[in-house]
Amino acid sequence: QAKLSGRNQFHLFDAEQDQQLRTHHNQRARVRQALHESELCLYFQPKVNMRLGHVTGMEALLRWQHPEHGIVGPLEFLPLVEHTDLIIDIGDWVLQQAMEQLRQWNREHRQWIVSVNIAARHFQSKDFLPRLRKILADYPDVAPERLEIEILESAAIQDIQHVREVMLASQKLGVSFALDDFGTGYSSLSYLKRLPANTLKIDQSFVRDMLDDKDDLAVISAVIGLARAFNREVIAEGVESAEHGVALMRLGCMLAQGYGVARPMPALQVSDWAKSYIMPAIWGQDKDLHWE
Ligand code: C2E
Ligand code: MG
Ligand code: MG
Ligand code: MG
């Protein structure tokens, strides 16, 4: 970006900016290298139905196994690339890995849905659909119904007509959608009406304080009401304790994900976790719960 200096002269980059750009450039190149040298991997975090006491699926969450820094979370490196086409390559890789994992779970965990987070730039790219179709076609023994795509509510409303069309076309292929971090994106009721997302995913910031903060409880209650009115599913993320789980069930939200159920884990640990997992007893025993 050109910068107007004090003396009315243009400098393309000042020294400081140049330094910064070079650093960002290097960092992006390093992320690209991580993708190509197989340093990226997926962790999986369970989603459960608290009422029925079973696992409904797993969310794939990106990790970078950095040779020097160990496991690095996505918020440390995705923001560097989310406005470049590298986010599309990473997203396609994540989709492909998720399909691969679904295939490996064909026998033991065939009823699980795997959710993948897709960035706005990726979802809005012109060839999102043909690329998705190709990835699905590469796994003929995995039903597309077992794949869910999570899109940030805030991203979905940026270009609602396009997002709507891509969602509808993807749903025709069998893929379902959740609006992630729901409640933080300022979408209006008319937006929600036009967005055919299957699920609203209540943002963890509301869940975290719901036991102490009446306003957060009110937001959650409203989102659950919206989901019901629009005939969508609703799931809460960031469910850290059985108390949170019970409070959510009381409000009518039966699906949960959070450290109170399990932390994200490497794929290799998932089957053992599923075998030994016992729902917190209290979730199933609250007689006052008004089941639907
Ligand atoms: P998200 O999709 O909303 O995922 C939830 C985040 O909250 C995850 O962080 C998860 O580890 C964390 N979390 C889950 N349960 C709890 C809980 O009970 N308490 C607390 N405090 N946190 C919890 P993570 O893995 O660091 O991912 C952060 C964000 O990065 C994700 O938010 C998602 O937006 C993005 N992301 C993750 N993987 C991908 C990916 O493959 N592609 C893209 N484009 N974005 C991704
Ligand atoms: Mg998500
Ligand atoms: Mg979220
Ligand atoms: Mg989030």
Side-chain angles (χ1 to χ4, degrees), residues 31 34-35 39-48 50 56-66 70-101 113-125 128 132 135 147-156 176-185 197-211 216 220 223 233-245 247-248 255-267 280:
V31 176
L35 172 66
E39 291 174 4
L40 300 184
C41 72
L42 296 182
Y43 272 32
F44 292 88
Q45 189 182 30
K47 299 182 180 184
V48 297
M50 296 183 282
T56 62
M58 297 278 159
E59 179 174 5
L61 293 160
L62 191 62
R63 298 290 183 266
W64 180 357
Q65 293 176 295
H66 196 286
I71 300 290
V72 179
L75 298 178
E76 307 279 334
F77 60 95
L78 285 187
L80 283 166
V81 301
E82 69 188 354
H83 298 297
T84 75
D85 285 346
L86 182 51
I87 195 70
I88 299 177
D89 293 335
I90 291 176
D92 278 346
W93 179 84
V94 171
L95 280 166
Q96 184 263 322
Q97 287 296 115
M99 292 300 285
E100 182 62 41
Q101 193 55 58
I113 305 243
V114 167
S115 315
V116 162
N117 296 282
I118 293 297
R121 185 188 180 89
H122 186 186
F123 194 68
Q124 288 161 5
S125 65
F128 174 79
L132 176 65
I135 293 167
L147 183 70
E148 176 181 66
I149 292 176
E150 297 191 5
I151 298 180
L152 292 175
E153 178 204 15
S154 53
S176 57
F177 287 88
L179 292 177
D180 206 346
D181 297 5
F182 195 86
T184 64
N198 307 73
T199 299
L200 309 183
K201 194 166 186 188
I202 303 170
D203 188 63
Q204 55 182 285
S205 62
F206 305 114
V207 178
R208 191 195 309 127
D209 301 325
M210 68 178 288
L211 301 175
D216 286 335
I220 291 175
V223 174
E233 299 267 17
V234 63
I235 182 169
E237 65 176 12
V239 179
E240 297 197 348
S241 72
E243 287 69 38
H244 288 90
L248 285 159
L255 302 178
Q257 182 184 23
Y259 295 168
V261 178
R263 287 181 179 256
M265 64 191 105

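Order of listing sets the numbers, starting from 1, for every ligand and every atom in it.
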**OP:** State whether Asn117 contributes an N/O/S atom found under 2.8 Å from the Mg ion (ligand 2).
**Re:** yes

Original post:
Taking atom types as modelled, is there a side-chain donor on Ser241 or His244 under 3.5 Å from an acceptor on the other?
Top reply: yes

Original post:
Which of the atoms in ligand 1, numbered in the order shown and given with their element, are less than 4.0 Å from a heavy-atom of Gly238?
Top reply: 16 (C), 17 (C), 18 (O)

Subject >> Any Pro264 heavy atom less than 4.0 Å to ligand 1 >> reply: yes

Original post:
Ala119 heavy atoms, cut-off 4.0 Å: which ligand 1 atoms fall inside?
Top reply: 44 (N)

Original post:
What part of Gln204, side chain, backbone, both or neither, has a heavy atom within less than 4.0 angstrom of ligand 1?
Top reply: side chain

Subject >> Considering only N, O or S atoms of Glu59, the one closest to the Mg ion (ligand 2) >> reply: OE2

Subject >> Per-atom contacts, ligand 1 versus Gln45 - under 4.0 Å to a heavy atom >> reply: 14 (C), 15 (N)

Original post:
Of the backbone and side-chain N, O or S atoms of Glu150, does one lie nearer to the Mg ion (ligand 3) than 2.8 Å?
Top reply: no

Original post:
At what distance, to the nearest 0.5 angstrom, does CG of Leu40 lie from CG of Leu62?
Top reply: 5.5 Å

Subject >> Side chains of Glu59 and Asn117, donor plus acceptor under 3.5 Å >> reply: yes

Subject >> N, O or S atom of Glu237 closer to the Mg ion (ligand 2) than 2.8 Å >> reply: no

Original post:
When rounded to the nearest 0.5 angstrom, what distance separates OG1 in Thr84 from CD1 in Ile90?
Top reply: 7.5 Å

Original post:
Should Trp93 and Leu35 count as side-chain neighbours, where that means a heavy-atom distance under 4.5 Å?
Top reply: yes

**OP:** Give, for atom CG of Leu86 and atom CG of Leu80, the distance between the pair rounded to the nearest 0.5 Å.
**Re:** 10.0 Å

Original post:
Which ligand 1 atoms, with their elements, are less than 4.0 angstrom from a heavy-atom of Asp180?
Top reply: 1 (P), 2 (O), 3 (O)

Original post:
Between Phe177 and Phe123, is the gap from one ring center to the other below 6.0 Å?
Top reply: yes

Original post:
Of all N/O/S atoms in Asp180, which lies nearest to the Mg ion (ligand 3)?
Top reply: OD1

Original post:
Using heavy atoms and a threshold below 4.0 Å, how should the contact between Val116 and ligand 1 be classified: side chain, backbone, both, or neither?
Top reply: neither

Subject >> Arg263/Glu240 salt bridge by N-O under 4.0 Å criterion >> reply: no

Subject >> Glu237 and Gln45, any side-chain heavy atoms less than 4.5 Å apart >> reply: no

Original post:
Out of curiosity, is Gly73 lining ligand 1, as in a heavy atom under 4.0 Å away?
Top reply: no

Original post:
Glu59 heavy atoms, cut-off 4.0 Å: which ligand 1 atoms fall inside?
Top reply: 2 (O), 4 (O)

**OP:** For ligand 1, note which part of Ile90 has a heavy atom under 4.0 Å away: side chain, backbone, both or neither.
**Re:** neither

Original post:
Is there a heavy atom in Arg63 that sits closer than 4.0 Å to ligand 1?
Top reply: yes

Subject >> Note: Asp85-Arg121 ion pair, threshold 4.0 Å (strictly below) >> reply: yes

Original post:
With a cut-off of 4.0 Å, which atoms of ligand 1 are near a heavy atom of Val94?
Top reply: 41 (O)

Original post:
What are the atoms of ligand 1, with element, lying closer than 4.0 Å to any heavy atom of Glu240?
Top reply: 17 (C), 18 (O), 19 (N), 20 (C), 21 (N)

Subject >> Atom of Asp181 closest to the Mg ion (ligand 3), considering N, O or S atoms >> reply: OD1

Original post:
Is there a donor-acceptor contact under 3.5 Å linking the side chains of Ser115 and Glu148?
Top reply: yes

Original post:
So, are Glu39 and Arg63 salt-bridged, with charged N and O less than 4.0 Å apart?
Top reply: no

**OP:** Answer side chain, backbone, both or neither: which part of Glu237 comes under 4.0 Å from ligand 1, heavy atoms only.
**Re:** side chain

Original post:
Is the closest N or O pair between Leu62 and ligand 1 shorter than 3.5 Å?
Top reply: yes

Original post:
If you count the atoms of ligand 1 from 1 in the order shown, which ones are under 4.0 Å from a heavy atom of Asp181?
Top reply: 3 (O)

Original post:
Distance from Cys41 atom SG to Leu61 atom CG, nearest 0.5 Å?
Top reply: 10.5 Å

